[in-house]
> 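Dropping a structure here in structure tokens format, bear with me for questions.
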Amino acid sequence: EELKKEIMELKGLEYIPPEERNYFGAAEGRNLIVIQVESMQNFPIGLKVGGQEVTPNMNRIIEKSFYFSRLFQQTGPGNTSDAEFLMNTSLFPTPFNPTSQTYGNKIFPSLPRLLKEKGYASMTFHADEIEFWNRIELYPALGFDTYYDETFFGKKDIIGMGSSDEYLFNKAFEVLKAHHVTDQKFYAHLVTLTTHHPFTIPSDRITLDLPEKFQNTLTGNYLISMNYVDRAIGELIDRLKEEGMYEESVIVIYGDHFGLQQSAISEEDTNLVSDLLGHEYKTIDRLNIPFILHVPGVTEPGQTFDKVSGQMDMMPTVANLLGITLDDQIIFGQDLLNSDQNLLGVRYYLPIGSFFNDEILFIPEKGFEDGTAYDIHTEEVIEDFEKYKEDYDRVLKLEAISDEYMKNLPER
Ligand code: GP9
């Protein structure tokens, strides 16, 4: 309880009793379907190229969703697996190794475990081999009842690293339907793979006509792959509707981490992305991933939230909708429907001590004094940043508390 209080204070959050929380329990008892999309950044959302929408299905879903347009990735060296970890724990991934390697032997307080108490079955689907990112340990550590990996998908319909997203969704759908017909409530985490770098989609699956300047470029291929996964998501939602499962679901869609790392892509690609954005492609754009919360009948008409938020805020926000309080749970994120300000530590791909608050992205160098503060909207350098020292200290403290807490969690 003391620790919980300390975290709330460091984050500047006030306790709100459940009955006073916005949307508390608004989706209680519904099935939870969470789609984590490989390499999906925020900028393809709502974007048109050559007059064609890149993500038409997600754009239509967003019209009926709470859409968080300024959510930032907080993944560590475990990339995709850290995104899975963040969604399910709201804890900081470890900074020097993938969390799944360091703490695969632990028992994490987690979303699957919370939902189990409410009678849910939990399962996670990913078409790669289970040893990748040590998921063979990560999934039991997170408390999933069942995982479905490459062996379940049988190496069928391979694109890139594994079975296609269409195939993943079709096979997963059969499992979800089997739960539905027996009235077993479920939480399904669907972790896509097809849109992994280098974003090569077979020509007979391509439905995006690119203007010439994007053809045969990494950026163009990235847009094609985003269009591909968008179509697969649209088909999954159609199937949920056909089976009468849609209305009783909460559907969450988010990106795991960037796909076009601006320091690693060519100048030509940097310029192409800048053209699409209408401004120079910078760090803030790169770390910005979408978070879409769709609860049929509840999040309609949709709303866009442009407040600063991070991947560790996803779990508390979803939990609130499902009527889970998290009052007794150590978490480092916050419910985005019941908070106005934020402070987010990012310590991989940016130096340790980097953070977002509602005004700036701060990147330290040797320490705070020689660091740089960037305006959150324009990414222009802010010369006078001394007043943010307190936020810097608070972020480091929060990260240290999370590390210590995780170190002391019981082993399986
Ligand atoms: C690996 C796949 C991709 O199984 O999830 O991981 P990434 O390379 O994006 O971290």
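Along the sequence shown, the residues carry numbers beginning at 1. When a ligand or atom number is given, it counts from 1 through the structure's own listing order.
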> Is there side-chain contact between Y228 and S164, with heavy atoms separated by less than 4.5 Å?
yes
> Quick one: does ligand 1 sit under 4.0 Å from the side chain of L193, the backbone, both or neither, non-hydrogen atoms only?
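Side chain only.
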> Hey, looking at atom 2 (C) of ligand 1, which of E84, H126, E150 has the closest heavy atom?
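When every heavy atom of E84, H126, E150 is considered, H126 comes closest to atom 2 (C) of ligand 1.
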> Could you give the distance from CZ (R30) to CD (E247), rounded to the nearest 0.5 Å?
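So the CZ of R30 and the CD of E247 are separated by 7.0 Å.
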> Assess H197 for proximity to ligand 1: is some non-hydrogen atom of it under 4.0 Å away?
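In this structure, H197 fails to qualify as a contact of ligand 1 - no heavy atom is under 4.0 Å.
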> Is E248 paired with K185 through a side-chain N to carboxylate O contact shorter than 4.0 Å?
no
> Charged N to carboxylate O under 4.0 angstrom, D391 versus R394?
yes
> Name the closest protein heavy atom to atom 10 (O) of ligand 1, giving the residue it belongs to and the distance to 0.1 Å.
N79 CB, 2.8 Å
> Taking side chain to side chain donor-acceptor pair (under 3.5 Å) as the criterion, tell me which of T124, N88, D145 meets it with Y187.
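The passing option is N88.
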> Would you call the rings of F362 and F385 parallel, tilted or perpendicular if under 30° counts as parallel and over 60° as perpendicular?
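Correct class here is tilted.
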> Looking only at protein heavy atoms, identify the closest one to atom 6 (O) of ligand 1 and say how far it is in Å.
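Here the closest protein heavy atom is T80 OG1, 3.0 Å.
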> Distance to 0.1 Å, residue and atom name: give those for the protein heavy atom nearest to atom 1 (C) of ligand 1.
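Protein heavy atom at minimum distance: D128 OD2, 3.2 Å.
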> When you measure from atom 3 (C) of ligand 1 to every protein heavy atom, which one gives the shortest distance, and what is it?
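Scanning the protein heavy atoms, the shortest distance from atom 3 (C) of ligand 1 goes to H196 CD2, 3.4 Å.
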> Would you say ligand 1 has an N or O under 3.5 Å from any N or O of W133?
yes
> When you measure from the heavy atoms of H257 to every atom of ligand 1, does any distance fall below 4.0 Å?
yes
> Can you list the atoms of ligand 1 that are under 4.0 Å from a heavy atom of E38?
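Those qualifying, in numeric order: 3 (C), 9 (O).
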> Tell me whether the NZ or CZ atom of K171 lies within the 45° cone about the ring axis of F152 and under 6.0 Å from its centre.
yes
